[in-house]
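Below is one structure, written out as structure tokens, with a few remarks after it.
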Amino acid sequence: MGGHHGAFSLDVAHLLGGAVLVLSFGLLYQRRLGGLINAYAAQSCVLAAAAAWQGWVQSAPALVVTGLIVLGGAGVAIPVALHRIAGRLQFDRAVVTQPGIFPVMAAGVALVLLAVLLAAPAAAQALPREDLALALAVVLLGQLMMIVRPAAPAQLVGFLSLLSGLILGIVGVPGMRLAVELAVAVLVLAGAAVAGVYLLRIRARFEEVDAGRLERLGGAAQ
Amino acid sequence: MNELSLLTGMLRELVSAPGLVVLVPFAAAAGLGFVTDARLGAWINGAAATLAFLLACALPWEPIAGLLLLADPLAAFMAILTSFLGMTTAWFSQGYMQVEVQAGRFDAPRLRLYHALFQAGLGCMLLALLSNNVAVTWGALEAATLVSVLAVALPRTEDAARAASRQFVLCGVGLAMACFGTTVLYLAAVPALGAGVPAMSWSRLPAAAAAFNPAMLNLAFVFLLLGYGTKAGLVPLHGWLPDSQAAGPLPVSAVLSGSILNVALVVILRLRGLLDANPGAIAPGLPIMALGLASLLLAAFSLGAQRDVKRFFAGSTIAQSGVAAFAFGLGGAGATFAGLLHLALHTLTRAAILQCVGAAVQLNGGQRCAGIGGLLLRHRALGLTLAAGMVAVAGLPPFGLFTTLFLILSGTVDRAPWLAVPLALGLAVAGWAMAERLLALCLGPPTPDRGPGTGLPALVPAWVQLALVLVLGLAMPGPVAAWLAAIAGAAP
């Protein structure tokens, strides 16, 4: 593998991973759907940068490709699609967080501590402890967001950020084969989630329209 | 090894027997997307599934542990079971889907999509079972889940859409956990096997498991158990199974969700072996047994309250999946033998029951339990087959599930006597609920037919499956028993 294992390279890798985590907290306190989607886009862009940087650190061109795919898919395509869906289907713009922002943030901090504790033993065999802790924290925060945000679009963004955590974990592992394929498989899951929400909502709206028309027709017949 | 030689090696494996077992359904799925004639589509569906089964039968004689594919005895056994189920269900679905089309619930384009999805789902599951890579197994199971979600949404009713979205959310979270667990499992294996493909290969992991990083292995186990537990229908993320079974087209819910459960249980069994081999890791048996027992008890006690006949049998599936997980958790060659046999026999019985239930629901035009009664009086063959299946799944002799449940219970009394009481209680309650429902469905006051029936030929697959369950229970042929014992002995 060789690779550029300088302290600076690792610091930058951790900085980028840390930025993904900070943006997860950003997702937790966003009160508007538009802001939520933008925060997710920002997180995906930083994630893409993290993947590409890992590609350079590990001398693995495949990870740079992964970064580009993440940038195109999660950084651009999915946020654009979400904005469009939100505009067309007129979702409620305000996003509620059920137990209030502060308890949720406190729970988030606790989850990050848990992730650090769980990943700590990895250091014994020179495994990438920090990367694993960051990825695990992003996954746990994504799950927290799915629990505390009852609205479907916000839950969806929570699920998407959970998947970002998975990609962060995959690219942070040195020498993991099939990293590109796995990252693509995770993005497929993300795309399917977005498409699923879109199709379900479209159907629900058509059914409303149809029901309204039937009622009108019924009224005309009488 | 560079990328190119890796790729050529994988391509070479694809033309071996296990490769063809996987390729046949995928090729059929691609082809079926273009077949506009519904009858021809149904025949191709059946023929492709039969071919996949025949090819799978050659797997025990062609063991392989390559870069991409693994055909060890456990994988071969599960692939034979899954492809057999695919074959019987494909033939059953011919008559069943014809009635669905007549009743206006399916049109020609959706029927085409249904056939393509059926084969794609079967291919994904066979790939998950025969893959020699932890990540590919996960990817194949993800693809199988997406196919199954699409298939559940096919009837395009509000219930189907809701069930599909619920299945997607729960299974999505489960898959995410399994993916993270897969990454951590690789990390745990790196100190022992070095970075690269070997640290992800099912065939290399067990021998090196003793040198894995124990803390990472524990972390991977927690995520993989919860993640694959979701797909195995184990508590606490089991909620998707009843919804998808109640709403989806029945042959798909029979073959797809039933086999996804098995794939996930096999992964849990393999995982158990890795933790057993590592002296620093936690003992995996107790958590697996706890999840299995909780699933059995929860499902058993909620069976009586189910008003929808498909949901009722989904509850029974969760209970039996819990029993198999419990047996795998108990460990040892005896319990693993019983668990594997239970898995196989329950899969066959469940498919037979669901095929009968599908026919009964079509006859009655609804799936509420109260609307179906007196099947034995109105449709003797259908009623008798359903009754036989329910007697089998309740764990009563002479069917094979009696034997496996007896083996699991006696193994529990031997090794963890304090768990035998809740296990026996769960089995008794589940059996009682099954008997009660059997009386109502088959012997209760007859209800009038409101729709067309599938006819006798559609019941033939159910008879074949039940006959197998009977034979394997009463007089299992020596070579089959020896083969299964060898699998259980080699497995953890």
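Protein chains get the first letters and strands the later ones, always in sequence-line order, with residue 1 at the start of each. This is a predicted model, so every value here is computed, not measured.
Residue A/Leu163 touches chain B through its side chain alone, counting heavy-atom pairs closer than 4.5 Å. Heavy-atom distances place no part of A/Leu156 under 4.5 Å from chain B, backbone and side chain included. Only the side chain of B/Val184 comes within contact range of chain A, with at least one heavy atom under 4.5 Å from a heavy atom of that chain. Only the side chain of B/Asn133 comes within contact range of chain A, judged by heavy atoms closer than 4.5 Å. With a 4.5 Å cut-off on non-hydrogen atoms, A/Gln143 touches chain B through its side chain but not through its backbone. Only the side chain of B/Leu175 comes within contact range of chain A, with at least one heavy atom under 4.5 Å from a heavy atom of that chain. Heavy atoms closer than 4.5 Å to chain B are found in both the backbone and the side chain of A/Ala193.
Between B/Gly172 and A/Leu189, the shortest heavy-atom distance links the atoms O-CD2, 4.5 Å. Shortest non-hydrogen contact noted between B/Val173 and A/Phe159 is N-CE1, 3.9 Å.
Put simply, the side chain of A/Met146 reaches to within 4.5 Å of the side chain of B/Val169, judged on heavy atoms. Contact check for B/Glu142 versus A/Val186: no side-chain heavy atoms found under the 4.5 Å cut-off. In this structure, the side chains of B/Leu146 and A/Val188 come closer than 4.5 Å at one or more pairs of heavy atoms. No side-chain heavy atom of A/Leu140 sits less than 4.5 Å from a side-chain heavy atom of B/Phe180.
Note: A/Ile170 CD1 to B/Tyr186 OH = 12.0 Å, rounded to the nearest 0.5 Å. To the nearest 0.5 Å, the span separating CG on B/Leu219 from CG on A/Leu118 amounts to 5.5 Å. Atom CE of residue B/Met200 and atom CG of residue A/Leu182 lie 5.5 Å apart, to the nearest 0.5 angstrom. In this structure, CG in A/Leu166 is found 9.5 Å from OG1 in B/Thr182, a value given to the nearest 0.5 Å.
Using non-hydrogen atoms only and a strict 4.5 Å limit, no part of residues 224-240 of chain B faces chain A.
If you tally non-hydrogen atom pairs under 4.5 Å between each of B/Thr183, B/Asn218, B/Val222 and chain A, the highest count goes to B/Thr183.
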- Task: Would you sort out whether A/Leu132 and B/Met216 count as a side chain to side chain contact (heavy atoms under 4.5 Å, CB included), showing the intermediate values?
- Result: CA-CA 10 Å; A/Leu132 185 67; B/Met216 289 295 100; 3.4 Å; yes
